[in-house]
Amino acid sequence: MNDTPNMPDAGKGTALIDGGKVTIKSEGDLHLEQGSRIDVGGGARVQADGKIKNGNGGTIALETARELTALELGAQLSGDAFGKGGTLK
């Protein structure tokens, strides 16, 4: 997002620059297949004064209902950001 005054869309809304939260809950085995991807990355925004505001990465939470549940993690998980990186719970 670029809020520099000379940009065509400057000031036309609030940019969501922080990553969100993805929670996956399973009653049994949890399989995230090869080639799948979960991304909670954050972005950045150029403010009207030219300063950059960094966004933070979000959270990925993988939860299972049972203690001895199988977890197959073939997916790519990412939470890159210009501010603080994301977390995995």
Side-chain angles (χ1 to χ4, degrees):
M1 181 76 177
N2 193 335
D3 281 339
T4 305
N6 294 336
M7 296 302 292
D9 291 330
K12 291 192 177 180
T14 302
L16 300 175
I17 60 173
D18 290 332
K21 181 175 183 178
V22 174
T23 301
I24 298 175
K25 296 180 180 182
S26 173
E27 292 293 324
D29 295 346
L30 180 56
H31 298 276
L32 299 175
E33 297 294 328
Q34 189 73 29
S36 61
R37 181 176 178 174
I38 302 172
D39 188 345
V40 293
R45 179 174 134 208
V46 178
Q47 301 176 105
D49 61 4
K51 293 181 181 175
I52 296 175
K53 179 174 176 143
N54 295 330
N56 297 317
T59 301
I60 298 171
L62 305 175
E63 302 175 6
T64 57
R66 295 182 288 160
E67 205 170 301
L68 298 174
T69 302
L71 170 63
E72 180 182 326
L73 187 57
Q76 178 183 358
L77 308 179
S78 62
D80 299 332
F82 290 96
K84 294 179 183 177
T87 57
L88 174 63
K89 294 183 177 185

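Rounded to the nearest 0.5 angstrom, I60 CD1 and T23 OG1 are separated by 10.0 Å. Atom OG1 in T64 sits 11.5 Å away from atom NZ in K25 (nearest 0.5 Å). In this structure, CG on D39 lies 8.0 Å from CD on Q76, to the nearest 0.5 angstrom. Note that the CG atom of D18 and the CZ atom of R45 stand 11.0 Å from one another [nearest 0.5 Å].
Remark: side-chain polar atoms of S26 are paired, donor with acceptor, to backbone N or O of G28 under 3.5 angstrom.
Taking the side chain as every heavy atom from C-beta outward, L30 and L62 approach each other to under 4.5 Å.
Residues F82 and I17 fall into different hydrophobic clusters, defined by Ile, Leu, Val, Met, Phe, Trp and Tyr side chains chained together at heavy-atom separations under 4.5 Å.
Heavy atoms only, all atoms of each residue included: N56 and A81 are closest at C-CB, 3.7 Å.
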Exercise. Take I24 and V22 through the test side chain to side chain contact (heavy atoms under 4.5 Å, CB included) and record every step on the way to the result.
Key: CA-CA 7 Å; I24 298 175; V22 174; 4.3 Å; yes

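With sequence neighbours excluded, the residues satisfying side chain to side chain contact (heavy atoms under 4.5 Å, CB included) with E72 are H31, E33.
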